[in-house]
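These notes are about the structure you will find just below.
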There are 2 protein chains.
Amino acid sequence: MAPTIRDVASAAGVSQSTVSRALSMPELVNPATRARVLEAAGRLGYQPNRAARGLITGRTGNLGLIVPDLSNPFFSSVVKGVQAAARGADYSLFIADTDEEASAEIELLRALTRQVDGIVLCSPRSPDDDLARVGVDSSVVLMNRRIEGRPSVTVDNADGMRQAVEHLSALGHRRIAYVAGPRTSWSNAQRERGLHQSAEDTGSDLVHLGHFPPRFEGGVAAADLALASGATAVIAYNDVVALGLLSRLGSRQVSVPDEISVLGCDDISMSAMTHPALTTVSIPKWEAGRAAVVLLLSLLAEGTADSPAPDRELSAQLIVRATTGVAPATSRPVPGGHSMKGPTG
Amino acid sequence: MAPTIRDVASAAGVSQSTVSRALSMPELVNPATRARVLEAAGRLGYQPNRAARGLITGRTGNLGLIVPDLSNPFFSSVVKGVQAAARGADYSLFIADTDEEASAEIELLRALTRQVDGIVLCSPRSPDDDLARVGVDSSVVLMNRRIEGRPSVTVDNADGMRQAVEHLSALGHRRIAYVAGPRTSWSNAQRERGLHQSAEDTGSDLVHLGHFPPRFEGGVAAADLALASGATAVIAYNDVVALGLLSRLGSRQVSVPDEISVLGCDDISMSAMTHPALTTVSIPKWEAGRAAVVLLLSLLAEGTADSPAPDRELSAQLIVRATTGVAPATSRPVPGGHSMKGPTG
DNA sequence: CTGAAAGCGCTAACAA
DNA sequence: TTGTTAGCGCTTTCAG
């Protein structure tokens, strides 16, 4: 059995309260007694029980983070940002992975709520209503999702897509395909919105190839549709999907970017390492994670005196790499006849 | 303020104990009263405080997992295995990332210990002594590390390396370079042991290129040393490093596998997707994660009546892919003179 | 500066 | 079957 505060108290010949004070409010106790207490605590290997402490103080010293899929590099980066901020503020971080299951989000939210002081809920897949219904008593900050009345940190996805489409348009692309992500993804919805808007603005055709799992296999599955669509460029929901596209296109001997251009989104580190490298819309993952924690901590500090649910929006930035999967639409003839509607050339 | 068991009790017109029983031991209460209690609980949105419950039952219903780096795909897979097993046994899982810092391991171990029933400590970097010294009162199962007296789940890394070396040897390679991982990695030590042994057995030269961070950049940094070493094949500590090697070799216009062969370890999903694909030693990550939880749960069930710290060892398996980064050493001439000691050709 | 006592939310004897 | 009581490990009044 692990030593409790009582053990330390009797070992040091003082009361429990003195031990407690010696540990958490050192100024309030006589240096001599404090030394005695610390010595005893050290000798016994005493570790305060944070759960018990939390029961009375209402603070656990823990933060929670819920993400859809830790094996997605996008979320790993978010984790790193959240972690850095949490550690900096002297909080422990509990991370939970929902495996892209909406029901797990609610469950985890509940399991976590009493054990942490605040929760960052990243890219939740649950419908607004379900999310609103969960009576969570710790503060929750949403990331990559905006819901009326809840604080959130988001990225301007629509603008990112606009940058991508304008880039393609400038290169002469007039027919652009989109490999969509999960229907339940707010970010995906924002991206589609941005795509539609800017396709219209630039006078391009936008082909929606359907919703695919946000994984490598999703891109593999979408590649043939992309080719058949007659688009000269494909934008993928994210980089992982774009890598899947590249892989399948490679197997089919379709040259990227000569025959078709491929764009990703997120700017995961892998996207710079492929040949060709991926042109991508960079999402400030690390910063967003950090911002979510900063927001969370500010809410905790203010107590329950909520201002009207602060939102923070970061911007996305198109990254065009040197040797990349994007080329002018007119640069090469499009062989094989799978482009139904070529550019001017 | 969130409703407590008292609120539910008074709302249902019963005592706290009845509420408690209605929720955790439904058989022991009158169906009618139980219904009343459940109704009240539902209406108030009552969620039991697991921390408070844990304080008295000694069980929290949580498991902990500590890994060096969640952005490493190897550990993502481990997480998935651990998570599946934990969820299957109705435990919540708390994951913590140490950022490859040994000190963070100890810290997290302490922070976690009272809030979970058991901990899986994956690939710890701390010295044996430090690890042994930590007085953790929850059960701890080590993964990818064996320490006297602690239960563990490991993989036969040495045998994996043996398979790799014999494969290379059969292809005529006689000088093999190794890009080592962290000095503090037990797995790396095991791999080096296997490499030395089998190099000796097959009469090959083994060139140790030094220790590198187990990341992409580590491989990039090691590539030039590999070329200069005169080896006809390089084995990397893991696949991520191997990908870094491939990338840098590509930039230097060195053809893989024509001029030099590259092998990885771990079998992360990315390794099958590169061109050429990576021949790699597959580590059963998911299964190991699962096994660690199974072991942990069996320890928890047995109480403190320890048998002498059970160990479980899984096996590694060389994966040779169709189009791969490994070729016979004699298949092509080695240009550029950076191989000091060519094969028979 | 220190100790005694109360109580955080919950469960587990022990009675009724 | 239900209520009463004690107490998990800790912090925090309130006295002294």
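The structure displayed is predicted, hence computed values, not measured ones. Chain identifiers are assigned alphabetically (A, B, ...) following the order of the sequence lines, protein sequences preceding nucleic acid strands; residue numbering begins at 1 within each chain.
Atom pair Arg59(B):CZ and dC8(D):C1' shows a separation of 16 Å (rounding to whole Å applied). Counting to the nearest Å, the P atom of dG9(D) and the CG atom of Asp7(A) are 9 Å from each other. Per the geometry, CZ belonging to Arg36(B) stands 11 Å off C1' belonging to dT2(D), to the nearest Å.
Residues Val19(A) and Val14(A) form a side-chain contact, since some pair of their non-hydrogen atoms from C-beta on lies under 4.5 Å apart. Here the side chains of Trp186(B) and Thr154(B) are in contact, with some heavy-atom distance below 4.5 Å.
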What's the verdict on side chain to side chain contact (heavy atoms under 4.5 Å, CB included) for Asp69(A) and Phe74(A), showing C-alpha distance, side-chain angles and the deciding distance? CA-CA 9 Å; Asp69(A) 180 12; Phe74(A) 176 84; over 6 Å; no

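Using a 4.0 Å heavy-atom cutoff across all strands shown, Ser15(B) reaches at least one base atom of the nucleic acid.
Between the CG atom of Leu38(A) and the CG atom of Leu23(A) there is a distance of 6.5 Å, given to the nearest 0.5 Å.
Comparing dG3(C), dT2(C), dT2(D) against the side chain of Asn30(A) picks out dT2(C) as the nearest.
Side-chain atoms of Arg36(B) come within 3.5 Å of backbone atoms of Ala12(B) as a donor-acceptor pair (strictly under, hydrogens ignored). Looking only at distances, no side-chain donor or acceptor of Glu105(A) sits under 3.5 Å from a matching main-chain atom of Thr98(A).
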Could you run down nucleotides 8-13 of chain C 5' to 3' and tag each one B, S or - for protein heavy-atom contact under 4.0 Å? BBBBBB

